[in-house]
> 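Pasting a structure here, questions to come.
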Amino acid sequence: MVRHTNLAAASDPRLATKKRSTWEIVRRVAVYLKPYKGLAVAMIACALFSLAGSFAFPWLTKYIIDDVLVARKSDLLLTAMLGLLAAFFSRDAFNSLRIRINNTFEQNVIYDMRREVYARLQRLPVGYFDQRASGDLMTRVIEDVNSVERVLIDGTEQGTIAILSIVGVLVILFSMNPLLAATALAPIPILAVGALWYTLTAHKRYRRQREASSAMNALLMDNLQGVRQIKAFGHETHEDSRFAHRAGELRAGTLEVMRIWAWYQPTMSFAGAVGTVLVMWFGGSQVIEGKMSVGSLVSFLFYLGLFYDPVGRLHSLNQILQSARASGERVFDIMDATEERAIHNVSTPELPPRVRGDVVYENVGFAYEGNKIVLHNVSLHAKSGQMIALVGPTGAGKSTIVNLLPAFYEASSGRIMLDGHDTAKIPLAELRRQISVVSQEAFLFNGTVRENILYGRLDASEAELIAAAQAANCHEFISHLPEGYDSKVGERGVKLSVGEKQRVSIARALLKDAPILILDEATASVDTATERLIQEALERLMRGRTSFVIAHRLSTIRRADQILVVKGGEIVERGTHDELLNSNGLYARLARIQNTTFIEESFEKLAPV
Ligand code: ADP
């Protein structure tokens, strides 16, 4: 039996999408329409002209039947037909114009809203992304934005037109024949109750459908990224079945929405038709009794059609509204998430363009979530240009310590000082400009080698780019690629070897030339020649910078100016290699274990001690 995990968002109540009222969604979407008032007015004007064309038809029909056909005036026939043609032409020409304006309006609003959601996403802290599936966020930016915007554009246009036509038709109907008009309105209470019921119940169905769509996309995204693992473990069938389950949930959710609509919409239409039958009945008897002309009855029935058409449109609008509410909740969840502190903030003390790189941690404490404390009272002082090696078992908190420096996460207590300034008060953009991060698994963007290196500094010259590549020992291999610096690296750099990716990422950091370096040393073994090239490149990168190295290789650790031994979220020993050996503590015991390249192996060997 295949086990299926629950939808991520649904299983964690803290991450559940906040429920919001339709009114709130409408109010907030309205803000995006404001810049396009001109388009909105033009769109509604076109719709009104088009409507006038439609309204002329029943009036002309009455005239043709009673005054031309029944009166047998063939000389008026041509004029009447020309009038009819003009009415239809004006209806359709203005409708075409209306559709074009509507499309431009709609695409502009989607563009604005999508850009804003994306910009907001970029400003959310790393912790936000830790908790959420990329596929879910993608669904919100792509699908939900589309759905939420429709509410107001279609809403303002269709809603205005529908209400105007309903009022207009009612005035005409009552002026033509008040008794018949009152008969025509008999089904209205049923329609009103139906609309109310739909409004009250639709939200949860749409919400379920949107969540199912997100869950399917999240799984798809995850699987596309893990395609090698799936193949290596031979889990294709298992994944097929997991995907089928998610796709099935989406199918069920969508079918439920459609099922209710398929039941509701024809019911409402039937209720309207009952009105038409009643009119035909009473109107017919009036014609038989000679109280009404045939032309008037036909005209009345046409007008009645123009009455129930907008009523049906209002029902569809309600459907769009309910769908938009579910999507809007998901979009505005991103908009309302707490941002990182200001990226640019001019009011704080100016940092020089390049700091010296003197870093002090004062009693820093940290918890990722709730009260599960990961760091306790971490204090350290890295002097400008020093190399600090952090060592310790996996999960000790080494990455957490260094991640606090560029404020990927904010310290819960204590403070971190950079050249004497509290980093909590430095605008993020300025702070991060001073720091390069080279991680264990080099992440490359899907583009060319050149673009990836230039990511370090977008305006670097060709000469600077090549100098950085040379210093990172990657110029050689890049020159041998079929298209040199313009070769594509593939998604996440799949077309390059691990050692090549690492050197490209070192070139990128060299180009950035920040005074502080955070380096997560790779644990993967590469051949000795590549190892030497990487080590050389790293030495050049560390030169003249304050470096924090999450060190795994004993050879790196020995060269450090300070070694910090981290265990259980605390720094338990500190000093140089020689000092620590002399103090005869944990590190000394680790270092004495011979024949190891990576310090983790020593921890493992020590574990039973
Ligand atoms: P190290 O780098 O020494 O291997 P880490 O700093 O990565 O250790 O992790 C320290 C602790 O914090 C571990 O218990 C780990 O499970 C937890 N942790 C790390 N990253 C996160 C995260 N993004 N969210 C929640 N807990 C985390």
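Both ligands and their constituent atoms are indexed starting at 1 by order of listing.
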> Less than 4.5 Å apart, side chain to side chain, heavy atoms only: is that true for Val378 and Asn363?
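Val378 vs Asn363: side chains apart.
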> If we check side-chain hydrogen bond (donor to acceptor under 3.5 Å, both in side chains) with Asp336, which of these qualifies: Arg28, Lys18, Arg120?
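That would be Arg28.
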> Judged on heavy-atom distance to atom 21 (C) of ligand 1, which of Phe408, Tyr409, Tyr368 sits nearest?
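Among Phe408, Tyr409, Tyr368, the closest heavy atom to atom 21 (C) of ligand 1 comes from Tyr368.
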> Short list, please: which atoms of ligand 1 are under 4.0 Å from a heavy atom of Val374?
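Heavy-atom distances to Val374 below 4.0 Å select 10 (C), 11 (C), 12 (O).
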> Among all protein non-hydrogen atoms, which one is nearest to atom 4 (O) of ligand 1, and what is the separation to 0.1 Å?
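Protein heavy atom with the smallest distance to atom 4 (O) of ligand 1: Gly395 N, 2.7 Å.
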> Against heavy atoms of Ser399, which atoms of ligand 1 measure under 4.0 Å?
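Taking each heavy atom of Ser399 in turn, ligand 1 has 1 (P), 2 (O), 6 (O), 7 (O) under 4.0 Å.
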> Evaluate the 4.0 Å heavy atom contact test for atom 15 (C) of ligand 1: does a protein atom fall under the cut-off?
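For atom 15 (C) of ligand 1 the answer is no, since every protein heavy atom stays at 4.0 Å or beyond.
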> Specify the closest pair of heavy atoms between Ile435 and Lys512, including all atoms of both residues, with the distance to one decimal.
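The pair with the smallest heavy-atom distance is O-NZ, 2.6 Å.
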> For the side-chain contact (heavy atoms from CB on, under 4.5 Å) test, which of Ile388, Leu405, Asp419 pairs with Val359?
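That would be Leu405; it is the only one of Ile388, Leu405, Asp419 passing the side-chain contact (heavy atoms from CB on, under 4.5 Å) with Val359.
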> Where does the angle between the aromatic ring planes of His235 and Phe233 fall among parallel (under 30°), tilted (30 to 60°) and perpendicular (over 60°)?
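Aromatic pair His235/Phe233 classed parallel.
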> Among all protein heavy atoms in this structure, tell me which lies nearest to atom 23 (N) of ligand 1, with the distance rounded to 0.1 Å.
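The answer is Asp130 OD2, 2.9 Å.
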> What do we get for Phe129 next to ligand 1 when only non-hydrogen atoms under 4.0 Å count, side chain, backbone, both or neither?
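Under 4.0 Å from ligand 1, Phe129 contributes no heavy atoms.
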> Just wondering, do Val148 and Val29 contact through their side chains at under 4.5 Å, heavy atoms?
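Side chain of Val29 against side chain of Val148, heavy atoms only: contact under 4.5 Å found.
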> Check this for me - ligand 1, Ala396, N or O atoms closer than 3.5 angstrom, yes or no?
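Yes, there is a polar N/O contact under 3.5 Å.
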> Is there a heavy atom in Gly397 that sits closer than 4.0 Å to ligand 1?
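Yes, Gly397 has a heavy atom closer than 4.0 Å to ligand 1.
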> Could you check whether any side-chain N or O of Glu500 sits under 3.5 Å from a backbone N or O of Ser497, counting only pairs where one atom can act as donor and the other as acceptor?
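Here the side-chain-to-backbone pair exists.
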> Is Arg132 positioned over the aromatic face of Tyr128, cation under 6.0 angstrom from the ring centre and no more than 45 degrees off axis?
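Pair Arg132/Tyr128 counts as cation-pi.
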> Decide, yes or no, whether a salt bridge links Glu329 with Arg20 under the criterion of side-chain N to carboxylate O below 4.0 Å.
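Salt bridge flag = no for Arg20 with Glu329.
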> Numbering the atoms of ligand 1 from 1, which are under 4.0 Å from a heavy atom of Lys398?
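Once the distances to Lys398 are compared, the set is 1 (P), 2 (O), 3 (O), 4 (O), 6 (O), 8 (O).
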> Taking only heavy atoms of Thr400, which atoms of ligand 1 are found under 4.0 Å from at least one of them?
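Those of ligand 1 that fall under 4.0 Å from Thr400 are 5 (P), 6 (O), 9 (O), 10 (C).
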> With a 4.0 Å cut-off on heavy atoms, does Pro393 reach ligand 1?
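Yes.
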> Suppose I only count heavy atoms of Glu369 and a 4.0 Å limit; which atoms of ligand 1 are within that range?
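Checking each atom against Glu369, I get 25 (C).
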